[in-house]
There are 2 protein chains.
Amino acid sequence: MNAPVRNPKSAAGTRSDSVYAGLRRAIIEQALMPGDKLTEDVIGERFGVSRTIVRTVLARLHAEGLVDMQPNKGATIAQPSLSEAQDVFEARMCLERQVLVRLAERVTDDDIERLQKHVHLETKASEHDGPAAIRLAGEFHILLASLSGNSVLARYVDEVVSRCSLILALYSRPHSSDCSINEHQQIIDALRAGNSQAAIDAMDHHLKAVTDRALLSSTSDKHRDIRSILDRYAS
Amino acid sequence: MNAPVRNPKSAAGTRSDSVYAGLRRAIIEQALMPGDKLTEDVIGERFGVSRTIVRTVLARLHAEGLVDMQPNKGATIAQPSLSEAQDVFEARMCLERQVLVRLAERVTDDDIERLQKHVHLETKASEHDGPAAIRLAGEFHILLASLSGNSVLARYVDEVVSRCSLILALYSRPHSSDCSINEHQQIIDALRAGNSQAAIDAMDHHLKAVTDRALLSSTSDKHRDIRSILDRYAS
DNA sequence: CTCATAGTTTTTGTATACAATCTCGCATAC
DNA sequence: GTATGCGAGATTGTATACAAAAACTATGAG
């Protein structure tokens, strides 16, 4: 039923990793929308694991701010309030600035090339694959953070970027990526030139543009059936 | 066996919260030392809960970087490498600066008073209660972050400060608090005067002093028996 | 028609059972 | 004496069982 994936990545559980990855991707790509109910049985059934595993995964996603949990009422995709959203953006700005400060003084040609390659990927995906484009836009920032060489910074950036996907799903037009690829290119160019201040300015401008897109749209339907969606992410 | 604590705090589980709090405090106060084995059965027995609960708690502590987990080998109190330690300190510096930037422009007299009260607590504890002094020193920074009004910042500061306790346990003299109370007072004074730059400078100096205390001492014994320690934290 | 209510079904919280894996001691060979 | 296997016991990974709580449905009163 499920491929015997061996992902010797990091955490405790072993089988939970694939469920975690799938669910997370579904959220990031905005296939699952804020407010959607995450029933343990449903997820377990679709991914071919028991509730024990699902529960671990949901707790993890909750810790990252991607799902809300209420005692005795279960889990839903998080619906950050406007104030939470602002907090996330401010923290993100602070963290990504530090990433650029580090990168400016230690980025290698190899790093630049990887970044450039990623932007090409983004460009390609932007033309036909909506969901992947959203994910890739975020992953550019995650790649930056990971290249910075500070694992703590990398983890936190990963988290805030993911939460931003959620925020955009809530407050912006549906399926909008949170990044114009052009601005990513500007950051790379500034880094290549060794101009840390320009890179930071570009990032500031970039994130400010994203923040301003808060326009409050639909709060989603009552009880969507997530079964068919999960199937696409249970690979 | 266990007090029926009702802690309607935040997360998913209900009973797990008290185990989480107890275990966390034991780590912060350096009663449990880096490397100590955290056997699920032992913890469950001491806290009067099943392994299911313990497992949730350990996963949560792992996500926060306080415990290491290896597949099929279980959990131990985290032993951050020197490089991880540096990453934590750098992230902490970055986050706490932002906290002060925010505080400088919105701190109230009431906030100042709470901070001042906390430092008094620290002073009192420093004279007789070693473990509590360590915890209170960290909690000063957590209080600062929570007063900043940014929940994301607050959560991350909480995390890095906790990890710093661990780092100090590993690399500094045993039972040393990571803060001289005097420096906390300087930060309060700067905030009271509305001098944000002075506050940030004081914080920079403060954290730099902490960072420099990395001196690498003992890596702890092979297999300590944590049972008696847990009893003190299973209240 | 709206509201309240009782009973049924669904879903969550927790404990426990069982298999897979690891640890450690002990015997044996070299 | 050191190293190599082997086996008993301990520990973890996962599924399942069961009780408590919530959600839903349908019925009846006003």
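If you're wondering where the values come from, they're calculated on a predicted model, not measured in any experiment. Numbers restart at 1 for each chain; the letters A, B, ... are given by sequence-line order, proteins then strands.
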Check side chain to side chain contact (heavy atoms under 4.5 Å, CB included) between [X] and all other residues, then give those that pass, not counting sequence neighbours.
X         : value
Thr108(B) : Asp110(B), Asp111(B)
Ser162(A) : Arg24(A), Ile28(A), Leu66(A), Asp158(A)
Arg155(B) : Glu159(A), Glu159(B)
Ala85(A)  : Ile167(A), Tyr171(A)

(request) Report the distance from atom CD1 of Ile134(B) to atom CZ of Arg25(B), rounding to the nearest 0.5 Å. (result)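 Reported value, rounded in 0.5 Å steps: 12.5 Å.
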
N/O to N/O distances under 3.5 Å, protein versus nucleotides 6-12 of chain D:
unit_1, atom_1, unit_2, atom_2, d
dT12(D), OP1, Lys37(B), NZ, 3.4
dT12(D), OP2, Glu40(B), N, 3.3

Take the protein atom [atom1] of [X] and the nucleotide atom [atom2] of [N], then report the distance between them rounded to whole Å.
X        : N       : atom1 : atom2 : value
Leu58(A) : dT11(C) : CG    : C1'   : 13 Å
Ile43(B) : dT14(C) : CD1   : P     : 17 Å
Met69(A) : dT12(C) : CE    : P     : 8 Å
Asp68(A) : dT12(C) : CG    : P     : 14 Å
Arg15(B) : dA19(D) : CZ    : P     : 15 Å

(message) Just N and O in the side chain of Thr52(B): are any of them under 4.0 Å from OP1 or OP2 of dT14(C)?
(response)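 No, outside the criterion.
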
(request) Just jot down the side chain to side chain donor-acceptor pair (under 3.5 Å) partners of Asp87(A), sequence neighbours excluded, or say none. (result) Ser151(B)

